[in-house]
Amino acid sequence: MKDKSSRPALADTNANIGAYDKILLGFPIWWYTAPTIINTFLESYDFSGKKIILFATSGGSGIGGCVDALKDSVLQSAEIKAGRMLNGRLLSDELKKWVETL
Ligand SMILES: Cc1cc2nc3c(=O)[nH]c(=O)nc-3n(C[C@H](O)[C@H](O)[C@H](O)COP(=O)(O)O)c2cc1C
């Protein structure tokens with residue numbers, strides 16, 4: 001969606017967010033940023049005190065601008081940061097090592 005103010009509806013609104021402190025949130029890059037359903041997701045739950053780490057796939061664009069596009073969708077007490085792109089083939093060991101650093 002090019003309309004950054006659009007908020008497509010979630011199919012599932014019962015995610016048990018309260019059970020997690022750290023959340024890895026992934027999406028394909030659309031129009032250089034996260035699809036706006038990711039804003040819907042962040043606005044639909046209470047992420048206060050939680051750490052949200054972003055990962056993404058794309059045709060070449062990076063993850064750099066995604067935090068800016070998403071940070072207003074969470075309370076200030078939530079930490080949201082860019083993780084990494086996961087394009088291409090990735091060995092499970094490499095993925096595991098990365099996740100352990102978070
Ligand atoms: C509507 C739309 C917009 C996209 N915009 C971008 C973009 O700005 N930059 C980019 O590198 N890739 C863009 N892509 C490519 C997707 O990021 C890529 O297809 C996706 O990450 C790979 O997932 P898939 O294999 O499920 O398609 C776009 C794809 C779609 C459908």
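The model shown is predicted, which means the values in this text are computed figures rather than measured ones. Heavy atoms only: backbone and side chains are in, while hydrogens, waters and symmetry mates are out.
- In the hydrophobic clustering, Y32 connects to no other residue, as no ILVMFWY side-chain heavy atoms lie under 4.5 Å from its own.
- Contact check for S44 versus L10: side-chain heavy atoms found under the 4.5 Å cut-off.
- Contact check for L54 versus F27: side-chain heavy atoms found under the 4.5 Å cut-off.
- Under a 3.5 Å cut-off, the side chain of Y45 and the backbone N or O of G18 do not form any donor-acceptor pair.
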Item to check | Steps toward side-chain contact (heavy atoms from CB on, under 4.5 Å) verdict (I38, L25) | outcome: CA-CA 9 Å; I38 301 298; L25 180 58; 3.7 Å; yes
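- Atom NZ of residue K97 and atom CG of residue L91 lie 9.5 Å apart, to the nearest 0.5 angstrom.
- D12 and A15 make their closest contact through OD1-N, 4.1 Å (heavy atoms, listed as atom of the first residue, atom of the second, distance).
- For the residue pair T40 and P8, the shortest heavy atom distance occurs at OG1-O, 2.8 Å.
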Next on the checklist: Show, in sequence, the C-alpha distance, side-chain angles and deciding distance for T33 and K4, and conclude whether the side-chain contact (heavy atoms from CB on, under 4.5 Å) test is met.
Outcome noted: CA-CA 10 Å; T33 188; K4 300 296 178 205; 3.1 Å; yes
For residues 69-85, please give each side-chain donor-acceptor pair under 3.5 Å, one per line with the distance, not counting sequence neighbours.
from : atom 1 : to  : atom 2 : distance (Å)
K71  : NZ     : D68 : OD1    : 3.1
S73  : OG     : N39 : ND2    : 3.0
S73  : OG     : E43 : OE2    : 2.7
R84  : NH1    : E94 : OE2    : 3.4
R84  : NH2    : E94 : OE2    : 3.4

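- In this structure, L24 CG and I53 CD1 are separated by 5.0 Å, a value rounded to the nearest 0.5 Å.
- For I29 against S61, the heavy-atom pair with the smallest separation is CG2-CB, 4.0 Å.
- In this structure, K51 and D21 have side chains that are not in contact, with every pair of non-hydrogen atoms separated by 4.5 Å or more.
- A distance-only check finds no donor-acceptor pair linking the side chain of K50 to the backbone of I23 [under 3.5 Å].
- In this structure, T101 contributes its side chain and W98 its backbone to a donor-acceptor pair below 3.5 Å.
- To the nearest 0.5 angstrom, I17 atom CD1 is 9.0 Å from L42 atom CG.
- Under the 4.5 Å side-chain heavy-atom criterion for Ile, Leu, Val, Met, Phe, Trp and Tyr, L102 and L95 are members of the same hydrophobic cluster.
- Side-chain contact between P35 and P28 is present, with at least one heavy-atom pair separated by less than 4.5 Å.
- Remark: aromatic rings of F41 and F47 are close, center separation under 6.0 Å.
- Scanning both residues, N87 and S58, for their nearest heavy atoms gives OD1-N, 2.8 Å.
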